[in-house]
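These values consider heavy atoms only, across backbone and side chains, with no hydrogens, waters or symmetry-generated copies.
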Amino acid sequence: MAEPAQGALKTSHDGRWRWRPQWTARMALIPAMTITIVCFYGFIIWTFVISLTRSRLLPVYKFTGFDQYVRLFANERWWTAMQNIAIHGFLFIGGCIVFGYLLAILIDRGIKAEGMFRTVFMLPLSMSFIVTGVIWQWVMNPGLGLQDAVRELGWTTFEFNWIVRQDRAIYTLAIAGIWQQVGLCMALFLAGLRNVDPNIWKASRVDGIPVWRVYLHVITPMMRTVFFTVFILMSAIVMKAYDLVVALTGGGPGFSSDLPAKFVVDHILNRQELGLGAAGAFVLLCTVIAVISPYIHFELRKARDGGGH
Amino acid sequence: MRFNRLALYGLLGIAALMILAPVFIMVSTSLKPMDEIRDGSIFALPVEPSFDAWREAWSGDCSQTAGGNCGGLSSSFLTSVKIVIPALFLSVGLGAVTGYALAAWKMRGANLMFAALLVGMFIPPQVTLYPLIIMVRELGIFGSIPGLVLVHVIWGVAFTTMMFRNFFKTVPQDLLKAARIDGAGFWPLFWHVMLPLSLPILGVAMILQFTYIWNDFLLGLTFGGRSGQPMTVALNNLVGSQFGEKEYNVDMAATMLTALPTLAVYLLSGRLFVRGIAAGAVKG
Amino acid sequence: MNGVELRGVTKAYAGLTVMKDINLEIEDGAFLVLLGPSGCGKSTILNMIAGLEPVTGGSIHIAGREVTELEPDERDIAMVFQSYALYPTMSVRRNIGFGLKMRGMPKADIEKRVDEIGELLQITPLLDRKPSQLSGGQQQRVAIGRALVREPSVFLFDEPLSNLDAKLRADMRVELKRLHERLGRTIVYVTHDQIEAMTLATKVVVLDKGSIQQADTPENVYRRPANKFVASFVGAPTMNFIDGKLVQDGDGIAFDGGSGQLPLASLPTRARDLIGQPVTLGARPEHLMFDDLGANARVLLAEPTGPDQYVRLAVAGSEVTARTGPEQHFSSGTDARIMIDGARVSLFDPESGRAIL
């Protein structure tokens with residue numbers, strides 16, 4: 001289509017002034033552009049600026065250099081949160097990928113009632129993290145929940161009280177998280193499996209290769225980009241994870257299941273430690289950028305290669 | 001071969017049961033009276049199912065709640081509806097127009113903006129939370145429904161724009177050329193050609209945005225104040241703030257009520273949701 | 001005067017000049033075909049005429065007025081695309097009428113015009129269908145109808161037949177030609193298919209690497225190609241090229257290909273000036289005749305096509321293809337004698353590739 005014209009207005013063939021459609025297109029971009037520039041990037045800079053100040057309850061623009069970062073990295077709760085995000089990230093992302101891929105393969109084996117299984121596996125996706133957290137809090141309730149139910153069946157020494165144990169609470173996040181997100185991973189993997197050239201299956205049958213070997217040595221390497229996408233999406237969920245912690249464990253017992261996203265919100269909203277919270281937010285952002293930048297690079301290359309001429 | 005098939009269905013069945021079990025527990029607990037909950041297993045069906053807990057979760061039972069937090073979820077349900085409807089239409093509409101402008105009209109800097117939006121989708125809301133609070137407060141709409149609508153539009157526009165841009169990029173260039181030769185400018189091309197083409201993606205975007213906005217917690221908590229408290233926030237308060245013995249049946253009934261709208265949209269839209277989630281899965 | 005004129009048009013993408021100083025005059029009522037391989041710039045020229053791509057320099061005139069700065073819809077043109085580019089969500093009727101609607105024509109008038117076009121193109125029963133319910137050929141008719149209904153000064157066709165199968169393509173070619181004869185409007189038509197160019201055009205413009213190689217009638221482009229590129233691009237099987245020089249051969253002139261001579265009977269007399277200097281001989285397969293008086297050649301392979309037969313030969317140190325009737329049988333490895341019709345061959349400068357005879 002036409003490239004940018006010089007001016008918005010120009011004379012038409014009959015001498016009247018005419019507004020160029022390209023300029024309407026530019027005007028239409030203004031709201032989204034304002035949001036992007038101001039509310040995304042402008043506010044990131046603002047947060048960064050706050051993180052360099054002594055702000056507590058309200059922003060105070062007295063700069064203290066990187067003091068807040070020094071305080072942050074000396075803060076025990078922050079380190080717990082950082083450790084937890086590593087544990088949670090590993091378990092949650094790993095679990096989603098493994099179970100999601102397995103479910104996708106099972107569904108891809110040409111089963112009956114495929115639609116029903118897919119609907120079931122994706123059902124939790126429609127629910128919020130808050131709902132998920134509240135349900136699982138009840139299921140894992142040590143007094144009346146799963147532990148109690150299994151004990152009533154006769155296994156009286158059965159123990160599943162992780163949600164109230166300092167050293168176990170963080171693992172419950174992964175359980176609830178996987179339950180909710182495994183359907184999304186399955187859907188993405190399934191879409192990838194459906195894109196595999198059917199001739200590969202014909203060829204492998206002609207060659208007499210067992211199905212599991214085809215999956216392991218042929219199909220899985222072909223799904224590299226899907227694994228990559230799933231990894232990125234799940235990472236983004238981990239980084240933002242706030243609702244689930246609040247509803248499931250409240251970060252506790254103590255701060256034993258705290259996550260950085262919750263640390264930041266607590267310090268900004270409730271603890272009147274604006275500067276410290278902002279520093280935490282900025283560190284969180286840097287982590288996000290480090291993780292997603294290969295993905296952004298990949299998407300942009302795709303957009304450029306595929307985008308018009 | 002027959003054994004393999006059996007194992008296949010067995011595994012799928014176990015997986016389905018594991019996914020459904022918590023949902024079943026939620027429903028059955030919400031239908032039990034408290035003494036049944038205390039005495040029986042969470043897996044047990046309710047002996048005498050009743051909707052008492054639902055009624056209490058919905059409209060509240062002030063006689064049993066100590067302290068201020070009386071009143072059920074009904075008022076916050078209305079709040080959620082009042083937030084979702086305008087936020088849904090504004091964010092999807094803005095995303096459609098922006099995505100169309102980016103995809104169909106070649107402009108300098110369009111790729112840069114695409115990249116900026118793509119990154120923007122991944123920014124954790126915590127990072128811009130405080131400046132956003134100040135902005136909304138300066139606009140005088142903090143703690144109100146319009147404030148929440150604005151925040152949802154801001155947070156939704158990157159996602160909806162991406163969905164529409166990626167869809168409109170697949171429209172053949174020839175079609176756009178034909179429309180320009182036919183004399184269609186920016187808006188006629190949008191209304192008569194592009195928007196009718198995008199009906200499926202429009203449906204997907206609406207469903208996903210509905211789900212995201214309804215399910216939001218952080219923004220509702222931060223920007224809602226007392227008068228603009230959406231259902232997720234009310235649920236969290238209800239579950240967290242009971243005094244004395246916890247009423248798990250009421251908790252579960254409230255959870256059920258909160259989950260019901262998105263669950264219904266999911267079950268009714270079926271394939272559209274699946275397609276959308278795969279196409280625009282980027283948002284968490 | 002409803003012609004099109006390009007004056008000194010240049011086109012650059014991101015500072016890289018891809019088209020330099022294009023001058024082209026298309027007379028009123030002409031059927032001009034822009035012919036060339038993909039990437040030669042033919043579609044760019046069409047898009048610039050349409051206003052879909054801006055020119056970097058120069059000017060474009062349609063029907064006697066300058067349109068260089070005008071939007072596509074102000075240029076009094078209509079365009080038909082290779083992909084048909086029908087609006088998928090609109091019925092055929094709305095597709096055809098859309099351009100009129102955008103110009104603010106009253107509904108009743110649009111209906112009338114659309115009905116007329118439907119009759120003209122025999123698509124009346126299809127008017128209320130959606131494009132997806134039509135075959136490729138029917139879609140192409142609708143696309144043509146959408147162009148016709150606006151009665152523009154100039155029609156632009158961008159490879160309109162490339163997506164049709166061979167049989168349908170031949171039928172549509174005939175119809176397009178009839179349509180042009182009936183309407184008498186100016187048509188600019190882009191294709192890479194030389195058959196379309198030869199059968200449809202009143203004037204062919206052969207393009208390569210962003211510049212015009214030759215602009216002439218189809219006959220002249222075929223018979224008197226301006227350079228080696230045109231000679232090789234037009235005609236199938238392609239023209240035979242042999243490097244060598246012209247030598248005196250008794251009274252006549254012969255071509256010396258280095259390892260043998262080929263007599264060139266009835267070569268125009270002005271070719272005598274070229275004797276002794278290196279030339280590239282260009283002879284189409286039908287210029288080679290089997291004749292007992294001709295030069296020695298060896299048959300390498302014979303390819304019967306049905307009506308014709310292409311015989312691959314080694315002669316004067318080169319491999320050439322000759323075209324002959326299907327009657328005679330040629331076996332690989334046997335000897336044959338061939339003669340070249342000097343009155344019809346072309347001679348090119350080996351350096352520049354330009355035709356020198």
Side-chain angles (χ1 to χ4, degrees), chain A residues 1 3-4 21-22 24-26 28-29 31-33 35-36 39-40 43-44 46-47 103 106 109 117 120-122 124 126-128 130-131 134-136 138-139 144-145 149 152 184 187-188 191 233 236-237 239-240 242-243 247 261 264-265 268 281 284-285 288 292 296 299-300 303 307-308, chain B residues 8 11-12 15-16 19-20 22 25-26 37 41-43 94 97-98 101 105-108 113-120 122-124 126-132 154 157 161 169 173 176 185-186 211 215 217-218 232 235-236 239 248 251-252 255 258-259 262-263 266 274 277-278 281 284:
Chain A
M1 308 242 18
E3 269 158 28
Q22 287 87 347
T24 319
R26 287 178 193 188
L29 283 184
M33 210 137 82
I35 289 175
T36 311
C39 300
F40 293 170
F43 285 1
I44 286 175
W46 193 347
T47 298
L103 287 181
L106 292 179
R109 294 312 302 158
F117 281 113
V120 168
F121 294 147
M122 293 180 73
S126 68
M127 298 185 213
S128 60
I130 291 291
V131 165
V134 173
I135 296 177
W136 278 95
W138 168 231
V139 172
L144 297 168
E152 269 177 37
L184 171 59
L188 292 170
L233 296 181
I237 290 175
M239 306 283 185
K240 290 181 190 176
Y242 172 76
D243 314 7
V264 169
V265 176
I268 290 178
L284 188 62
L285 178 71
V288 172
I292 65 160
I296 299 289
E299 281 290 316
L300 287 181
Chain B
L8 184 67
L11 285 173
L12 280 168
I19 295 286
L20 287 178
I25 292 170
M26 165 173 66
I37 293 173
S41 153
I42 44 167
F43 294 110
L94 187 57
V97 172
T98 312
W105 294 82
K106 206 181 241 173
M107 280 172 290
R108 217 169 292 147
M113 180 151 169
F114 172 71
L117 278 168
L118 194 65
V119 177
F122 287 96
I123 300 173
Q126 289 86 355
V127 180
T128 57
L129 198 61
Y130 193 76
L132 208 54
I154 289 172
V157 74
T161 300
K169 264 287 173 203
Q173 287 284 312
L176 308 179
F186 184 83
T211 309
N215 285 347
F217 174 71
L218 178 59
T232 46
L235 170 69
N236 191 55
V239 172
Y248 295 108
D251 285 2
M252 287 301 117
T255 312
T258 311
T262 49
L263 212 52
Y266 168 67
V274 177
I277 222 109

Asks: Could you report the tightest heavy-atom contact between F122(B) and A236(A), atom names first, then the distance?
Replies: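 Here F122(B) and A236(A) meet closest at CD2-CB, 3.7 Å.
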Asks: Counting only non-hydrogen atoms closer than 4.5 Å, does V264(A) touch chain B with its backbone (N, CA, C, O), its side chain (CB onward), both, or neither?
Replies: side chain
Asks: With a 4.5 Å cut-off on heavy-atom pairs, point out which of L12(B), T262(B), T258(B), V97(B) contacts chain A the most.
Replies: L12(B)
Asks: Would you name the heavy atoms of V127(B) and A281(A) that are closest together and state the gap between them?
Replies: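 Shortest heavy-atom separation between V127(B) and A281(A) comes out as CG2-O, 3.6 Å.
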Asks: Counting heavy-atom pairs closer than 4.5 Å to chain A, which one of T232(B), T211(B), V157(B), I154(B) comes out on top?
Replies: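 When all of T232(B), T211(B), V157(B), I154(B) are compared, I154(B) has the most.
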Asks: Find the distance between CG (L117(B)) and CZ (F40(A)) and round it off to the nearest 0.5 Å.
Replies: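 These two atoms lie 6.5 Å from each other.
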Asks: If you look at every heavy atom in A28(A) and T98(B), which pair is closest and at what distance?
Replies: O-OG1, 4.4 Å
Asks: Would you say that F43(A) contacts L129(B) through its side chain, given a criterion of any heavy-atom pair below 4.5 Å between the two side chains?
Replies: no
Asks: Report yes if the side chains of N215(B) and I130(A) come closer than 4.5 Å at any heavy-atom pair, otherwise no.
Replies: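 N215(B) does not reach I130(A) side chain to side chain.
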Asks: Considering only heavy atoms and a distance below 4.5 Å, find which of A16(B), A115(B), A259(B) pairs most often with chain A.
Replies: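 Going by pairs under 4.5 Å, I would pick A16(B).
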Asks: Looking only at heavy atoms, what is the nearest atom pair of Q126(B) and A261(A), with distance?
Replies: NE2-CB, 3.3 Å
Asks: Heavy-atom distance under 4.5 Å to chain A: side chain of I123(B), backbone, both or neither?
Replies: both
Asks: Out of curiosity, L118(B) CG to I292(A) CD1, how far, rounded to the nearest 0.5 Å?
Replies: 7.0 Å
Asks: V119(B) versus chain A, heavy atoms under 4.5 Å apart: side chain, backbone, both or neither?
Replies: both
Asks: For T255(B), is it the side chain, the backbone, both, or neither that has a heavy atom closer than 4.5 Å to a heavy atom of chain A?
Replies: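 Looking at T255(B), backbone and side chain both touch chain A.
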Asks: Counting only non-hydrogen atoms closer than 4.5 Å, does L94(B) touch chain A with its backbone (N, CA, C, O), its side chain (CB onward), both, or neither?
Replies: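 Only the side chain of L94(B) comes within 4.5 Å of chain A.
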Asks: M127(A) versus Y266(B): any side-chain heavy-atom pair under 4.5 Å?
Replies: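 The answer is no; the side chains never approach within 4.5 Å.
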Asks: Looking at chain B, which one of A247(A), P31(A), P124(A), A149(A) has the largest number of heavy-atom pairs inside 4.5 Å, strictly under?
Replies: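 Of A247(A), P31(A), P124(A), A149(A), A149(A) has the most heavy-atom pairs under 4.5 Å with chain B.
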Asks: If you count heavy-atom pairs within less than 4.5 Å of chain B, which of I44(A), L103(A), L144(A), V139(A) leads?
Replies: L144(A)
Asks: Pick whichever of P22(B), G185(B), G120(B) has the most heavy-atom pairs under 4.5 Å with chain A.
Replies: P22(B)
Asks: Quick one: does K240(A)'s side chain get under 4.5 Å of L218(B)'s, heavy atoms only?
Replies: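 Result no, sub-4.5 Å side-chain heavy-atom pair not found.
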Asks: So, for V134(A) and M252(B), which heavy atoms are closest and what is the spacing to 0.1 Å?
Replies: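 Nearest heavy atoms, V134(A) then M252(B): O-CE, 3.7 Å.
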Asks: State, with a plain yes or no, whether a side-chain heavy atom of I42(B) is found less than 4.5 Å away from one of W138(A).
Replies: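 Yes. Closest side-chain heavy atoms under 4.5 Å.
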Asks: Can you see which heavy atom on P124(B) is nearest to which on V288(A), and at what distance?
Replies: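 Heavy atoms of P124(B) and V288(A) come nearest at CG-CG2, 3.6 Å.
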Asks: Where does F117(A) contact chain B at under 4.5 Å (heavy atoms): side chain, backbone, both or neither?
Replies: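 Contact with chain B: side chain only.
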Asks: Please look at T36(A) and chain B and tell me whether the side chain, the backbone, both or neither of the residue comes under 4.5 angstrom of a heavy atom of that chain.
Replies: side chain
